[in-house]
Amino acid sequence: MYVGFDTSNYTTSLALYNDCGITNYKKMLAVKEGERGLRQSDALFQHTVNLPALLEDCEFNGVNAVGVSDRPRNVDGSYMPCFLAGVSAATAFSKSCGAPLYRTSHQVGHILAALYSADKLELINDKFIAFHLSGGTTEALLVTPHEDEIIRAEIVGESLDLKAGQAIDRAGVMMGFQFPCGKILDELSQKSEKEYSIRPSMKGTDCSLSGVENKAKQMFLRNESKEDISKFVLSCVTSAVASMLGAVIQEHGEMPVIFSGGVSSNSMLRKLMASKYGAFFAQPEFSLDNAAGVAVFASLKNG
């Protein structure tokens, strides 16, 4: 059995990984109505409250190793206080059960969760393209094997301003929905009969999404339907990501593509990327913030 801890900015998560598969235990952090996020101090407090309750729900039997995400990315200077809650709990837990503790990043956890979910874990031995799409990240990554970190991810394309998840959540909150808004916008977009021809703002392999928010506000003020606004926003995000991927492939060559992060659960994005590029996606439960990939990391490190 391998246990993973992940305390992202919006989800407290534990995962148990054994021969029967992975079981996720998660609790979303509470965001006040009308607000579009949390302060780090509030996120850290909620994680500290949530972790003991999640641990009570788990049944542990012979823990071999423990994994924890301790930073957003595996680069110097990458830091968010909310990960301290997971590190503290994972450290105490590993000591109590006499199991080794392995640290990784939230991003590596997302990628490994996607690979596991898509039954493509063998890709850790090859070079591939990964997209990490969330409220705080819109990045195209060139991923290569790494002896110590298992995989190393280099940013080869990103949003230069607003992130995909931010564009979606800001539009949703503007329309009166509870944060996070990806699921409801996905559902509403499928009811729209409008077709949008989007020309994304690109600079090489990088995109810009700030215009999406401004256009969505104009549509809202014109009393256009929430279904049409939702479809417009998701069409913009999908077109931008597709352009990023096309540019990355042109620059680095064709190779397997895997999508991770909460925005990757969007049905419009999944349909286009799978049909046009043969991309692989995490199952929806492994797309959102979770500790599954961190547990997988612990198993790989433990040999």
Side-chain angles (χ1 to χ4, degrees), residues 1-26 63-75 78 80 83 86-87 90 94 99-134 136-137 139-156 255-265 270 273 279-303:
M1 175 175 285
Y2 303 94
V3 182
F5 288 73
D6 183 77
T7 51
S8 76
N9 206 35
Y10 297 109
T11 309
T12 311
S13 178
L14 297 176
L16 307 186
Y17 179 31
N18 57 25
D19 292 339
C20 297
I22 292 180
T23 304
N24 270 313
Y25 298 84
K26 301 195 296 183
V63 177
N64 296 82
V66 180
V68 63
S69 57
D70 63 358
R71 58 200 179 281
R73 298 184 60 235
N74 280 342
V75 295
S78 183
M80 289 178 72
F83 290 103
V87 171
S94 67
L101 176 66
Y102 300 103
R103 296 185 178 209
T104 188
S105 70
H106 180 69
Q107 186 170 75
V108 167
H110 260 301
I111 296 171
L112 291 179
L115 292 175
Y116 168 86
S117 173
D119 198 23
K120 293 294 178 181
L121 265 179
E122 71 274 7
L123 288 180
I124 65 171
N125 301 308
D126 298 309
K127 184 184 292 187
F128 63 95
I129 298 168
F131 272 81
H132 185 188
L133 307 175
S134 68
T137 305
E139 294 173 349
L141 307 160
L142 184 61
V143 184
T144 52
H146 190 275
E147 183 177 357
D148 182 50
E149 299 171 10
I150 304 298
I151 54 173
R152 172 159 286 180
E154 172 194 358
I155 298 176
V156 292
M255 62 190 82
V257 181
I258 187 83
F259 277 83
S260 67
V263 176
S264 298
S265 62
R270 295 170 78 94
M273 296 304 163
F280 303 107
F281 283 82
Q283 296 172 20
E285 67 178 291
F286 291 97
S287 293
L288 303 172
D289 288 339
N290 62 82
V294 180
V296 171
F297 178 81
S299 74
L300 295 170
K301 289 290 291 183
N302 202 51

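Predicted model, so just to flag it, every value in this text is computed and none were measured. In what follows, residues are counted from 1 in the order of the sequence shown.
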Participant: Test side chain to side chain contact (heavy atoms under 4.5 Å, CB included) on Ile155 and Leu141 and set out the steps.
Facilitator: CA-CA 5 Å; Ile155 298 176; Leu141 307 160; 3.7 Å; yes

Participant: Return each pair, listed once, that meets salt bridge (Lys or Arg N to Asp or Glu O under 4.0 Å) where at least one residue sits in residues 280-289; pairs must be two or more places apart or across chains.
Facilitator: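 Listed by first then second residue: nothing to list.
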
Participant: Side-chain donor-acceptor pairs under 3.5 Å in residues 114-130, sequence neighbours left out?
Facilitator:
residue, atom, partner, partner atom, Å
Tyr116, OH, Ile22, N, 3.4
Ser117, OG, Gln283, N, 2.6
Asn125, ND2, Glu122, O, 3.4

Participant: Side-chain contact, heavy-atom cut-off 4.5 Å: Met255 with Leu142?
Facilitator: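 The answer is yes; the side chains approach within 4.5 Å.
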
Participant: Run the ring pair (Phe, Tyr, Trp, His ring centres under 6.0 Å) test against Tyr2 and tell me which residues pass, sequence neighbours left out.
Facilitator: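 With sequence neighbours excluded, Tyr2 shows a ring pair (Phe, Tyr, Trp, His ring centres under 6.0 Å) to no residue whatsoever.
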
Participant: Ignoring hydrogens, what is the shortest heavy-atom contact between Val257 and Phe259? Give both atom names and the distance.
Facilitator: CG1-CE1, 3.7 Å

Participant: Are His110 and Thr137 packed together at the side-chain level, in the sense that at least one heavy-atom pair is separated by less than 4.5 angstrom?
Facilitator: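 They are not in side-chain contact.
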
Participant: Applying side-chain contact (heavy atoms from CB on, under 4.5 Å), can you list everything that pairs with Thr104, at least two apart in sequence or on another chain?
Facilitator: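 If we apply the side-chain contact (heavy atoms from CB on, under 4.5 Å) test to Thr104, skipping adjacent residues, the hits are Asn74, Val108, Val294, Phe297.
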
Participant: Can you sort out the partners of Lys301 under salt bridge (charged side-chain N to carboxylate O under 4.0 Å, His left out), two or more places apart, ordered by chain and number?
Facilitator: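 Counting only residues at least two positions away or on another chain, Lys301 forms a salt bridge (charged side-chain N to carboxylate O under 4.0 Å, His left out) with Asp148.
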
Participant: For residues Ala15 and Ala295, report the shortest heavy-atom separation together with the two atoms involved.
Facilitator: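 Taking Ala15 first and Ala295 second, the nearest heavy atoms are O-CB, 4.0 Å.
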
Participant: With sequence neighbours excluded, what pairs up with Glu139 under the side-chain hydrogen bond (donor to acceptor under 3.5 Å, both in side chains) test?
Facilitator: Gln107

Participant: If you take all heavy atoms of Phe281 and Ser264, which pair is closest and at what distance?
Facilitator: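 That closest heavy-atom pairing would be CD2-O, 3.4 Å.
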
Participant: So which heavy atom on Arg71 is nearest to which on Arg73, and how close?
Facilitator: CG-O, 3.3 Å

Participant: Kindly indicate, with the supporting measurements, whether the criterion side chain to side chain contact (heavy atoms under 4.5 Å, CB included) is fulfilled by Phe286 and Asn24.
Facilitator: CA-CA 9 Å; Phe286 291 97; Asn24 270 313; 3.6 Å; yes

Participant: Given 3.5 Å as the limit, does a donor-acceptor pair link the side chain of Ser105 with the main chain of Ser69, or not?
Facilitator: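 Here the side-chain-to-backbone pair does not exist.
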
Participant: For the residue pair His106 and Ser134, establish whether any side-chain heavy-atom pair is separated by less than 4.5 Å.
Facilitator: no

Participant: Quick check: do Leu288 and Tyr10 have side-chain heavy atoms less than 4.5 Å from each other?
Facilitator: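 In short, these two side chains do not touch, never coming nearer than 4.5 Å.
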
Participant: Can you tell if the side chain of Phe5 reaches within under 4.5 Å of the side chain of Leu14, non-hydrogen atoms only?
Facilitator: yes

Participant: Can you tell me if Asn302 uses its side chain to pair, donor with acceptor, with the backbone of Ala298 under 3.5 Å?
Facilitator: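 No.
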
Participant: Just so I know, are the side chains of Phe83 and Val68 near enough to count as touching, which here means a heavy-atom distance under 4.5 Å?
Facilitator: no

